[in-house]
Protein chains: 2
Amino acid sequence: MKRDISTSAKIKEAAKNVFLLKGFSGCSSREIANAAGENVALVNYYFRSKGKLFEQIFQSVMEESLTTMIVEFGSDLPLREKMRIFIKHEYAFLKKHPEIPFFILNEMNREDGFVLDTKAIMSKISETGIFEEILQAQKAGTMREISLVGIITLIMSNCQFPFMAKNLMCQLLDLNKEEYPTNLDNHEQYVTDMLLDYFFITNTNK
Amino acid sequence: MKRDISTSAKIKEAAKNVFLLKGFSGCSSREIANAAGENVALVNYYFRSKGKLFEQIFQSVMEESLTTMIVEFGSDLPLREKMRIFIKHEYAFLKKHPEIPFFILNEMNREDGFVLDTKAIMSKISETGIFEEILQAQKAGTMREISLVGIITLIMSNCQFPFMAKNLMCQLLDLNKEEYPTNLDNHEQYVTDMLLDYFFITNTNK
DNA sequence: AAACAATTTAAACACTTGTTTAAAACAAAA
DNA sequence: TTTTGTTTTAAACAAGTGTTTAAATTGTTT
């Protein structure tokens with residue numbers, strides 16, 4: 001009768017928090033239920049299993065992360081500016097959701113991690129024409145000849161690693177966890193300068 | 001009487017393989033025992049617990065990884081060449097042990113991951129004088145003014161991420177897992193060029 | 001040979017895991 | 001109020017967890 005959407009949503013929200021923090025294998029159904037303030041059986045009543053619940057959440061997190069990058073690629077700014085803004089938005093997104101990079105990586109490295117449907121999202125990105133734009137810039141000589149895979153890897157490395165390696169860096173370099181965000185602000189500038197300088201060939205043949 | 005070192009070593013070796021592949025929470029004591037071809041109880045007979053066993057292995061892996069970088073820092077090559085060789089050795093090491101970066105990161109992000117003793121190793125690195133050398137180069141104007149933390153983060157990002165994100169990249173970009181190493185060879189060149197060009201200021205004021 | 005201590009084993013321990021069951025509580029319709 | 005269907009609950013399920021125990025096996029020393 002009365003569909004209590006609140007309970008289902010409460011579980012889903014609690015599950016997202018717990019999964020992001022501990023990963024799939026790192027938490028139990030009961031932990032999720034407790035975090036939601038509900039009974040264990042309700043997790044399987046609303047979602048069929050712990051795995052199905054995780055699948056829903058992971059897919060949504062994945063899409064959220066990937067669609068963030070679509071917006072600016074469609075604009076008609078110069079390629080270099082597009083890239084700069086993209087990196088800026090990527091850092092802004094990761095500052096809000098610093099757990100996501102490791103969460104995704106962790107799941108992708110799980111032995112029985114399910115295959116996810118990224119083709120739909122990747123083709124959306126492809127439809128913005130960003131990839132052709134890069135190839136044309138390379139042909140025109142304004143951009144260094146790096147493979148698309150290389151470009152993407154360079155960007156992801158320098159954007160995602162600093163966030164997922166927070167604990168490692170803080171222990172290794174004896175840094176204060178509270179002031180690590182300040183570090184990240186500096187690093188964003190480093191990364192932006194370095195990547196753009198490397199990607200784009202400035203005309204110095206005066 | 002006769003100390004059968006073989007059994008203890010067999011378990012340790014099997015445990016290292018399993019831990020590297022699945023992580024601490026991702027495997028069971030019995031799985032380790034089976035991989036070693038031994039009884040479950042022997043794991044706790046030789047090592048006091050699963051946790052103690054992991055602690056030993058993690059510490060050794062951590063030291064192995066960090067001491068790799070010490071050798072070349074002591075040489076008297078120019079700083080730029082030192083860096084180039086360091087990146088080269090780092091990539092060579094990671095090609096041999098591609099699971100290590102994620103293994104370490106995963107453990108550092110575990111909620112009850114134990115604090116490790118890195119100060120001893122870090123001070124060894126510090127003793128090579130590499131950090132002072134960088135600061136002097138920055139003062140002399142041959143090196144860009146980036147914080148030490150920034151430099152280390154840039155290097156680690158670009159060396160470690162491509163290895164730990166193999167599964168992610170392959171799924172995302174629809175790459176063949178078997179030919180990913182080829183990608184890594186290309187990437188090593190990109191990374192080396194990019195980092196050195198960014199770190200060091202070439203004298204173009206002719 | 002017997003005695004001894006180190007090693008290995010199968011079995012059990014108490015506990016947690018994901019999931020299911022069957023009864024209770026609830027709200028709305030008859 | 002009774003009926004009906006949905007939601008929630010406590011309890012149980014079988015399987016798996018790390019760890020311990022106590023007996024069996026082994027090798028070495030006397």
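All values derive from a computational prediction rather than experimental measurement. Letters go in sequence order (proteins before strands), and every chain restarts at 1.
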Is E64(B) paired with K16(B) through a side-chain N to carboxylate O contact shorter than 4.0 Å? yes
Going by an N to O cut-off under 4.0 Å, is there a salt bridge joining E81(A) and R84(A)? yes
Separation of atom CD in E38(A) from atom P in dT6(D), rounded to whole Å: 19 Å
With 3.5 Å as the limit, what N/O pairs link the protein to nucleotides 10-13 of chain D?
| residue | atom | partner | partner atom | Å |
| --- | --- | --- | --- | --- |
| dA10(D) | OP2 | N39(A) | ND2 | 3.4 |
| dA12(D) | N6 | R30(A) | NH2 | 3.4 |

Rounded to whole Å, the CD1-P distance (I32(B) to dT19(D)) equals 10 Å
Over how many whole Å does the gap from I11(A) atom CD1 to dT8(D) atom P extend? 8 Å
Atom CD of E31(A) and atom C1' of dC15(C) are separated, to the nearest Å, by 16 Å
If I take atom CG in residue L42(A) and atom C1' in nucleotide dT7(D), what distance separates them, rounded to the nearest angstrom? 8 Å
Would you tell me if any nitrogen or oxygen in the side chain of S49(B) comes within less than 4.0 Å of OP1 or OP2 on dG18(D)? no
Atom CZ of F54(B) and atom P of dT19(D): how far apart are they, to the nearest Å? 14 Å
Does Y46(B) have a side-chain nitrogen or oxygen under 4.0 Å from the phosphate oxygens OP1 or OP2 of dT8(C)? yes
With ring centroids as reference points, do F93(B) and H89(B) lie under 6.0 angstrom apart? no
Enumerate the residue pairs fulfilling ring pair (Phe, Tyr, Trp, His ring centres under 6.0 Å) with a member in residues 145-166 of chain B, sequence neighbours excluded, ordered by first and then second residue. Y91(B)-F163(B)
Tell me: CG of N44(A) to P of dT17(C), nearest whole Å? 14 Å
Here the distance between atom P of dT16(C) and atom NZ of K50(A), to the nearest Å, is 15 Å
Is any side-chain nitrogen or oxygen of S29(B) closer than 4.0 Å to OP1 or OP2 of dG18(D)? yes
Please tell me if T7(B) has a side-chain N or O lying less than 4.0 Å from either OP1 or OP2 of dT8(C). yes
Could you tell me whether E72(A) and K88(A) have a side-chain N and a carboxylate O separated by less than 4.0 Å? no
Looking at dT8(D), I'd like to know if its phosphate oxygens (OP1 or OP2) sit under 4.0 Å from a side-chain N or O belonging to Y45(A). no
So N167(B) and K177(B), side-chain hydrogen bond (donor to acceptor under 3.5 Å, both in side chains) or not? Walk me through it. CA-CA 8 Å; N167(B) 290 337; K177(B) 277 193 185 179; 3.1 Å; yes
Determine which pairs satisfy ring pair (Phe, Tyr, Trp, His ring centres under 6.0 Å) with at least one residue from residues 55-86 of chain B, sequence neighbours left out, and list them in order. F54(B)-F58(B), F58(B)-F103(B), F58(B)-F114(B), F73(B)-F86(B)
